[in-house]
Amino acid sequence: KAGVTQTPRYLIKTRGQQVTLSCSPISGHRSVSWYQQTPGQGLQFLFEYFSETQRNKGNFPGRFSGRQFSNSRSEMNVSTLELGDSALYLCASRLGTGDSPLHFGNGTRLTVT
Amino acid sequence: GESVGLHLPTLSVQEGDNSIINCAYSNSASDYFIWYKQESGKGPQFIIDIRSNMDKRQGQRVTVLLNKTVKHLSLQIAATQPGDSAVYFCAERTGTASKLTFGTGTRLQVTL
């Protein structure tokens, strides 16, 4: 079974621009979550989508948004980029019920200049 | 490779020895815990999980111990190998099983 796939692998953007990151979950997984990883703050939860609905949200500003499609694929958008948004953005999927663990992709490395 | 943390605690062990990585969690109401391994340039990889109604769970070469009294979690790796070198994170559930709170991580270095 293929793992969680994230595209692109690397991105360089300028302050003020916006960016869209994509994620394809493991086949059969209905829940997709996004995390931000930085050296200073570690891994922080952004949001979770299940059956095209946002089920949970972390403490990030409204510039961070996401969506999930009917095939469970997900996108994350960051608008009006700031230098502090530079990070590794990780997508993770799970079956969506019970205590099934999260399985992560290898992330998208976003650099904001 | 990409750094996941600039000042992580580091555990150095010799190949073949057993490793014990410790983690203190914050929420006494947490009921589900996971250990992840992250290698340079990759995302966290699931190792093993445990629910709060258990105090021990074993996998292949790994054992997780949970002490709810002192809010402590540990990961034991038997016969540590060079391929075990990575950063290890514990995570606790604070809502649905997708909303995890991660620890700061421990870097495991395996020496030959």
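Here is how names work: the chains are called A, B, and so on, in the same order as the sequence lines, proteins then strands, and each is numbered from 1.
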query = Do A/Gln44 side-chain atoms and A/Thr38 backbone N/O form a donor-acceptor pair below 3.5 Å?
reply = no
request  = Would you please go through residues 14-26 of chain B and name the residues with a non-hydrogen atom below 4.5 Å from one of chain A, in numerical order?
outcome  = none
message = So does A/Ser33 get a backbone contact from the side chain of A/Arg94, meaning a donor-acceptor N/O pair under 3.5 Å?
response = no
request  = With a 4.5 Å heavy-atom cut-off (strictly below), which parts of residues 66-87 of chain A touch chain B? List them by number.
outcome  = none
query = Checking A/Ser93 side chain against A/Ile26 main chain: does a donor-acceptor pair fall under 3.5 Å?
reply = yes
request  = Report yes or no: do B/Leu65 and B/Ile77 belong to one cluster of Ile/Leu/Val/Met/Phe/Trp/Tyr joined by side chain heavy-atom distances under 4.5 Å?
outcome  = no
Nearest non-hydrogen partners of B/Arg93 and B/Ser30, listed with the distance = O-OG, 3.4 Å
ask   = Using the ring of each side chain (for Trp, its six-membered ring), is A/Tyr35 parallel, tilted or perpendicular to B/Phe102, with breaks at 30° and 60°?
value = perpendicular
ask   = In terms of side-chain heavy atoms, does B/Thr10 have a donor or acceptor partner in B/Gln109 at a distance below 3.5 Å?
value = no
Distance, nearest 0.5 Å, that separates CD of B/Gln38 from CG of A/Asn106 = 9.0 Å
request  = Could you list the residues that satisfy ring-ring contact (aromatic ring centres under 6.0 Å, His included) with A/Tyr49, not counting sequence neighbours?
outcome  = A/Phe47
inquiry  = So, taking the atom named OG in A/Ser65 and the one named CD in A/Gln54, what distance separates them when rounded to the nearest 0.5 Å?
reply    = 9.0 Å
key: Side-chain donor/acceptor of A/Gln6 to backbone N/O of A/Cys91, under 3.5 Å   = yes
key: Part of A/Leu43 within contact of chain B (heavy atom distance under 4.5 Å)   = both
message = Sub-4.5 Å heavy-atom contacts with chain A: which residues of residues 43-58 of chain B show up?
response = B/Gly43, B/Pro44, B/Phe46, B/Asp49, B/Arg51
query = Any donor and acceptor pair, going by atom type alone, linking the side chain of B/Thr111 with main-chain N or O of B/Val13 inside 3.5 Å?
reply = yes
query = Between A/Phe45 and A/Trp34, is there a shared hydrophobic cluster once you connect ILVMFWY residues whose side-chain heavy atoms come closer than 4.5 Å?
reply = no
